[in-house]
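What follows is a short report on a single structure.
Just so you know, these numbers come straight off a predicted model, no measurement behind them. Order of the sequence lines fixes the chain letters, A, B, ..., with proteins taken first and strands second; residue numbering starts at 1 for each chain.
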Amino acid sequence: MEKRVRVRFAPSPTGGLHMGGVRTALFNYLFAKRHNGDFILRIEDTDQTRFVEGAEQYIVEALKWCGIAPNEGVGFGDGPHAPYRQSERKDSGIYRKYADQLIAGGHAYYAFDTSDELESMRKRLEAAKVAAPQYNAVTRQSMRNSLTLPEDEVKRLLDSGEKYVIRLKVPRNEEIRFHDIIRGWVVVNSSQVDDKVLLKSDGMPTYHLAHIVDDIEMQISHAVRGEEWLPSAPAHILVYRYLGLENDMPKLAHLPLILNPDGNGKISKRESRFPVFPLSWTDPRESAPFVGYKEAGYYPEAFVNILALLGWNPGNNQELFTVDEMAAIFDFERVNKSGAKFDPEKAKWFNQQYLRKKSDAELAEAFAPILKEKGFERDNAYLIEFCRLVKEKVQFVHEFWDHGKYIFIRPENFDEKVMTKKWNDTSKAFMHALAAQLNALVAWNTATITEAFHAVEATNGKGDMQLLRVLVTGAAGGPQLFDMLALMGKDEVTTRLNEALNQLK
RNA sequence: GGCCCGUUCGUCUAGGGGUUAGGACGCGUCCCUUUCACGGACGAAACACGGGUUCGAUUCCCGUACGGGCUACCA
């Protein structure tokens, strides 16, 4: 019988959750939804030295904003396996219990080496040109641990409260095979795996122990995580094996990484041309906050859509998906093996697609506060029409201002290229006639303005719409001209036109 | 350095023993347009390299190169 699908996103609260983490959460979410399973948020805060204030809250809020809320776990009402913070789970002695079981089975041992001793061991090995200095089946024989020390000495050290860690006893030379849903079979020799610390000297488990214990206890069916975990997966296999649970362990899926667009490596928060965090993140260790996708104007639907297509594809040409649509067809078989460089340009395009789906009223509502901030206010009908006109030019709501500000601000100068090319006695005469014609209009709308323009053409010859545009707004480009004039209103347009004609002589 | 993973247009990707190697972003040209756009059409642009296997390899295998990850009492 297939296990019920239960997956978890298990970040460490060591900083803001960046887009790579969000994508991992997203794939977990999609997979859970696809199989009517559970999606759990577990906080892996076993490293007290790296704890960052506010990080956990940030993770919760980011998932909410993205619309991929877990149905169980920290910040989401907990559930049957509470608590979901490892620091709190530790108190029940659960990690210790599993560690002891491994020791009892002869698959783990106590190690009393100090950090200085470990340091000098590595130095010694480096000096001896050992390729990968590590605490393993060979080197542990010359270290201070329960495998080398006499039994009574071990007991004495333990009783005296001497600091120790518990390490996994990795066999010297054994093939470890495991299956990854995305990568297929992976084979590693155990000689490449070190004797990982499972329980630290402060009594906290390391990731290697904690996630396994919790995955077992929480009945996790699939461990979906980033590719950076692939090298330690063989050690995890061993732990499951020694616990007698290798056949019951969660299926593994290691996701490809999201890479930097220029240059190389994982996405880094520093010196980035584009946001790397979903929401703005103020790191207590940094002076300036990092701007998030939300604050940069991205819609959460767009952000999530972009992320999903970085590494996954539906197998056809569809690119725009709601989360529900993706969840209906998501499959790890359609997740790529190779890392994907993030393309900021395409990200903007995605946002534009979602912006265009919004109604003019929605856009107007979103733009109103931005306009107010710039010192202008207009009624709702005005803003709706404004958005209708400018909509096709923008990728973000805040760009309504960039692409439409000349509707609110009178021009201080006129597009030089257009003026040089088109401003002459004939066009001047045309514009004067037009000004008079517009002045005389009683009804002011797109139709009457168009008519007035045609009327002037009947006497003065062909007119130039772009020149008119420049005289009124100063800019060579902009929305549909006559619609825009209609929106601006007769007073505003004729005033501007007259001012321009005065100024230009 | 060692180990592991990967490699199709600049980028995200589809495909897969015989295809004009498809789509999207971006870029270019044209059409539509009395303005500005949207839109439409078209175009440039890729199977990393070398060996096999095969009638045939971009697809399978092996090497090489390149890229990435890991190499902590961090996750």
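- Residue N260(A) has no polar side-chain atom (N or O) positioned under 4.0 Å from OP1 or OP2 of G68(B).
- Residues forming a salt bridge (charged side-chain N to carboxylate O under 4.0 Å, His left out) with E228(A) (at least two apart in sequence, or on another chain): none.
- Side-chain proximity of Q192(A) to A24(B), C74(B), G2(B): nearest is G2(B).
- The partner of U34(B) is absent, by the rule that a Watson-Crick or G-U pair needs both atom distances under 3.5 Å.
- The side chain of L118(A) approaches C73(B) more closely than any other nucleotide in the set C73(B), U11(B), A75(B).
- Remark: aromatic rings of Y298(A) and F396(A) are close, center separation under 6.0 Å.
- Remark: aromatic rings of F27(A) and W312(A) are distant, center separation not under 6.0 Å.
- The 5' end of RNA chain B is approached more closely, in terms of each residue's nearest nucleotide, by G311(A) than by the other of G311(A) and G477(A).
- Considering only the side chain of H454(A), U34(B) comes nearest among C38(B), C70(B), U34(B).
- Between A24(B) and N317(A), no contact under 4.0 Å exists linking OP1 or OP2 to a side-chain N or O.
- Note: CD1 (I306(A)) to C1' (U13(B)) measures 16 Å, nearest angstrom.
- Within the 4.0 angstrom heavy-atom criterion, only backbone atoms of the sugar-phosphate kind lie near R122(A); the bases stay farther away.
- Side-chain proximity of K200(A) to A75(B), C36(B), U11(B): nearest is A75(B).
- Listed nucleotides: C36(B), A24(B), A75(B). Nearest to the side chain of Y207(A): A75(B).
- Searching all strands for a Watson-Crick or G-U wobble partner of G67(B) with both distances below 3.5 Å returns C5(B).
- Partners of P13(A) according to the side chain to side chain contact (heavy atoms under 4.5 Å, CB included) rule, which considers only residues two or more places apart in sequence or in another chain, are I43(A), D45(A), F51(A), A55(A), E56(A).
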